[in-house]
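Before any comments, here is the structure.
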Amino acid sequence: MSAEVAVLGAGMHPWGKWGRSFVEYGRTAARAALADAGLGWADVGSIVGADTVRSGYPGYVAGATFARALGWQGARVTSVYAACASGAQAIGAARAQILAGLADVVLVVGADAAPKGFFAPAGGERPDDPDWLRFRVLGATNPAYFALYARRRMAVHGDTLEDFAQVKVKNAAAGRLNPHARYRKAVTADEVAASAVVADPLRLLDICATSDGGAALVLTSMDFARSRGVADPVRIRAVSTVTPTYPRTVLDLPDIATDSTTAADAAAGSFRSSIARAAYEEAGLGPQDLSLAEVYDLSTALELEWYEDIGLCAEGEGAKLVREGATALGGRIPVNTSGGLASFGEAVPAQAIAQVCELTWQLRGTAGERQVPGARAGITANQGLFGHGSAVVAVR
Amino acid sequence: MARTRTPVVSGWFTENAPDGGGFRLLGTRCSACTAVFFPREDAYCRNPRCPGGGELAEVPLSPRGRVWSYTDGRYRPPAPYVSDPAEPWEPYTLLAVELEAEGMVVLGQAAPGTGVADLAVGTEVEVVGGVLNEDAETTWVTWQFKPVGGAA
């Protein structure tokens, strides 16, 4: 298929709280991805940085920052910010450049050093910023939104706290096998239940932490990959970066209200499901073709919603999948084989890239004890604040 | 010296609705396509299929709605949420309320005394005025939701 690009290299800086600059994490991940690809930095024609931010706007210009840290060599440079979708947009920009013939080898890098505790907006009086407003007027933190979705699932679909806990148990079991993960210990349902309530009904172990970390990919044209003797590389077949459709009727952070339906009926399905649908259409495959998926488990309950949004089951049946063990390692369709955000924590501009690193290793068959046998296709799904969709389909 | 009562955000609600209905949230409504916006949108209509040429007029939102979901905040939120770090943290209750006439869900804090144990998805609530915080000169007024007829 002509619209494919090759993933020749994948690399990470381990997640954690390391107390260093995001530049160092990004550089380490970039060097690892280049080494994995068997290429040097001088071979890179373009670098795309997923921007790290402080407070709702890009505080650091990441593409050039990483290029400087690797040593100026004159490469084309791009910097992108799309909140949690920054990494997917960076991959999308890199892919477009390759398919347009602007570059044969593109290095994609995302890294962050996250603050402790709740994410918070910048200081000052900024009532034009919806992210500032939701804190000032409501004190509504990110976990508060996750909890609203969780409570809604309990009321509408009958999900239970035990279902949510099983997601953490499953992801911790996978993260235990991942050397890049921050948390590498098994967790029991009892431990989830015993952890402090942060925002009812969610507990500390239902909610992902904030972390430092970095991830990088080396993407190339298919011709370049073949010229390097890689006949059958992992290929990116779709990158979905869609926006919502008006009226958007599902409450989402940082919004204080949904759109009204007075002028137009809501479209069928959710924004999140439209992200996956666009990726499937572009890739020419569907959920039945997947070997695995990496989804954005900001909370345990949200992971169950993603099962439905990426088409692994019908609406309301997410909890059934986790109860059956279908999404665990060894199950019918493993989800978050990396350990997910539950095991990594959020390093915002890196995470969507890290998801594709996991697909790459799984599709190569080099994921070690986490390996999904015979993996042939995978999807990543994610969502950035303010209406940024993010999904990537990779195949072997 | 008496504090001045000031809305935490100007133009988002009124304590004296023109229809005599007391405290109401205020949105805007596009005269060309009927789209309603809250928080108010005064500059342009955001409905992509709006024929255009309309005006955005202020409109009070429904005084009552039903709980879409709810939660609380067991940990102190960061600034710009205002709280006294010297005082023990008192969790607040947060509601997402579905307004049927507008077809929208609006977030708001619960009125004091309403906890998560008093709520269920579907509970009917009404919007009331309340105090978000006070400083030396100002009582910052906001909107709150409380179950109709008191705590359920």
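The sequence lines fix the lettering, A, B, ..., with proteins before strands; numbering per chain opens at 1. Everything quoted here is computed from the prediction, not taken from an experiment.
- The six-membered or imidazole ring of Phe38(B) lies near that of Trp143(B), with a centre-to-centre distance under 6.0 Å.
- For a residue to count as touching a neighbouring chain, one of its non-hydrogen atoms must lie under 4.5 Å from one of that chain's; by this rule Ala101(B) touches chain A with the backbone only.
- Only the side chain of Leu132(B) has a heavy atom closer than 4.5 Å to any heavy atom of chain A.
- Shown here for Ser62(B) and Arg24(B), the closest heavy-atom pair between the two residues is C-NE, 4.3 Å.
- Every residue two or more places apart in sequence or in another chain was checked for a salt bridge (Lys or Arg N to Asp or Glu O under 4.0 Å) with Asp212(A), and none qualifies.
- Taking both residues in full, the closest heavy atoms of Gly389(A) and Phe271(A) are given as N-CZ, 3.6 Å, listed atom of the first, atom of the second, then distance.
- Highest contact tally toward chain A, considering only Pro77(B), Gly103(B), Gly122(B), is held by Gly103(B) [criterion: heavy-atom pairs under 4.5 Å].
- For the options Ala266(A), Ala263(A), Ala257(A), Ser260(A), heavy-atom pairs under 4.5 Å to chain B are most numerous at Ser260(A).
- When all heavy atoms of Ala120(A) and Phe135(A) are compared, the closest pair comes out as CA-CZ, 4.2 Å.
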For residues 7-14 of chain B, please give each side-chain donor-acceptor pair under 3.5 Å, one per line with the distance, not counting sequence neighbours.
| residue | atom | partner | partner atom | Å |
| --- | --- | --- | --- | --- |
| Thr14(B) | OG1 | Asn16(B) | N | 3.0 |
| Thr14(B) | OG1 | Asn16(B) | O | 3.4 |

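- When atom types are taken as modelled, the side chain of Thr262(A) and the backbone of Val36(B) share a donor-acceptor pair closer than 3.5 angstrom.
- Only the side chain of Phe37(B) has a heavy atom closer than 4.5 Å to any heavy atom of chain A.
- In terms of heavy-atom pairs under 4.5 angstrom with chain A, the leader among Val82(B), Val106(B), Asn47(B), Leu99(B) is Asn47(B).
- Highest contact tally toward chain B, considering only Leu148(A), Thr261(A), Thr141(A), is held by Leu148(A) [criterion: heavy-atom pairs under 4.5 Å].
- Per-residue counts of heavy-atom pairs under 4.5 Å with chain A were compared for Leu94(B), Leu95(B), Thr142(B); the largest is that of Leu94(B).
- Only the side chain of Tyr92(B) comes within less than 4.5 Å of a heavy atom in chain A; its backbone stays farther off.
- When each of Val137(A), Leu133(A), Val250(A), Leu138(A) is scored by its heavy-atom pairs under 4.5 Å with chain B, the top score falls to Leu138(A).
- Defined by atom type and a distance below 3.5 Å, a donor-acceptor pair is missing between the side-chain atoms of Arg151(A) and Ser69(B).
- Interface remark: Arg46(B) contributes backbone and side-chain atoms alike to the contact with chain A (heavy atom separation under 4.5 Å).
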